[in-house]
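Written below as structure tokens is the structure these notes are about.
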Amino acid sequence: QVRVVESGGGLVQAGGSLRLSCEASGFISSMTTMGWYRQAPENQRELVSDITTSGGTNYADSVKGRFAISFDNAKNRVSLQMSSLKPEDSGTYYCNVKLNRGYLYWGQGTQVTVSS
């Protein structure tokens, strides 16, 4: 069993910053990637950023230069530092854990609201 626990999020004014963190535990010895997805009302869930256990990163074009993802190997923790936030960054952010053979696990989601 895999447990995915998110923290962070909240309400911030446009231009502000927030930090999201997520820790994975359980049967994660074959973990390959951790990342963050977001979903706004009536929109599909989309990738924001992910990072492989070897440090390779991937960002959505809309967040490049503003968000930074990092991974703590010792704690199996992924963090997303979000800066210069815009109202369109608002949504529910979900942590995702990928294991080999395609297994996926999701956190419960954390709300990010950016006011204009």
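Computed from heavy atoms alone, side chains included, the values below leave out hydrogens, waters and symmetry copies.
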Report summary line: d(Met82 CE, Trp36 CH2) to nearest 0.5 Å is 8.0 Å
Query raised in the report: Same hydrophobic cluster for Tyr105 and Val48, using side-chain heavy-atom links shorter than 4.5 Å among ILVMFWY?
Result: yes
Query raised in the report: With a 4.5 Å limit on heavy-atom distance, are the side chains of Trp106 and Arg45 in contact?
Result: yes
**Report entry** Atom pair CD (Glu88) and CZ (Arg38), whose distance is rounded to the nearest 0.5 Å
**Finding:** 8.0 Å
**Report entry** Within-4.5 Å side-chain heavy-atom neighbours: Ile51 and Val78
**Finding:** yes
Report task. Would you check if Cys95 and Met34 make a side-chain contact, meaning some heavy-atom pair closer than 4.5 Å? Result -> yes
Query raised in the report: In Å and rounded to the nearest 0.5 Å, what is the CG to OG distance from Leu85 to Ser17?
Result: 6.0 Å
Report task. Say whether Thr33 and Thr52, considering side chains only, have a donor N or O and an acceptor N or O under 3.5 Å apart. Result -> no
Query raised in the report: Is there a side-chain contact between Asn96 and Asp50, using heavy atoms and a 4.5 Å cut-off?
Result: no
Query raised in the report: Nearest 0.5 Å, what's the OG-NZ distance between Ser49 and Lys64?
Result: 10.0 Å
Query raised in the report: With a 4.5 Å limit on heavy-atom distance, are the side chains of Glu6 and Gln108 in contact?
Result: yes
Query raised in the report: Linking I/L/V/M/F/W/Y whenever any side-chain heavy atoms sit under 4.5 Å apart, do Tyr94 and Ile28 land together?
Result: no
Query raised in the report: Are Glu23 and Lys75 close enough for a salt bridge, meaning some N to O gap below 4.0 Å?
Result: no
Report task. Give, for atom CZ of Arg19 and atom OG of Ser7, the distance between the pair rounded to the nearest 0.5 Å. Result -> 9.5 Å
Query raised in the report: Shortest non-hydrogen contact from Cys22 to Val4?
Result: SG-CG1, 3.4 Å
**Report entry** Distance-only side-chain donor-acceptor flag, Gln13 / Ser115, under 3.5 Å
**Finding:** no
Query raised in the report: Can you tell me how far OG of Ser21 sits from CD of Gln81, rounded to the nearest 0.5 angstrom?
Result: 9.0 Å
Requested in this report: Tell me, with the steps shown, if Asn76 and Phe71 meet side chain to side chain contact (heavy atoms under 4.5 Å, CB included).
Outcome: CA-CA 7 Å; Asn76 293 312; Phe71 179 65; 4.2 Å; yes
Query raised in the report: Is there a side-chain contact between Ile69 and Ser79 (heavy atoms, below 4.5 Å)?
Result: no
Query raised in the report: Hey, are the side chains of Val114 and Ser90 touching, using non-hydrogen atoms and a 4.5 Å cut-off?
Result: yes
Report task. Examine distances only and state if a side-chain atom of Tyr93 and a backbone atom of Gln39 form a donor-acceptor pair shorter than 3.5 Å. Result -> no
Report summary line: Residue set satisfying ring pair (Phe, Tyr, Trp, His ring centres under 6.0 Å) with Phe67, at least two apart, ordered chain then number -> none
Query raised in the report: Would you say Ser84's side chain and Gly15's backbone share a donor-acceptor pair under 3.5 angstrom?
Result: no
Query raised in the report: Should Val2 and Tyr103 be regarded as members of a common hydrophobic cluster, given that ILVMFWY residues are connected when their side-chain heavy atoms come within less than 4.5 Å of each other, either directly or indirectly?
Result: yes
Query raised in the report: Between the side chain of Arg77 and the main-chain N/O of Asp72, is any donor-acceptor distance below 3.5 Å?
Result: no
**Report entry** Minimum side-chain heavy-atom gap Arg3-Val97 below 4.5 Å
**Finding:** no
Query raised in the report: Applying the 4.5 Å side-chain criterion to the ILVMFWY set and letting contacts propagate, would Tyr37 and Leu80 be lumped into a single cluster?
Result: no
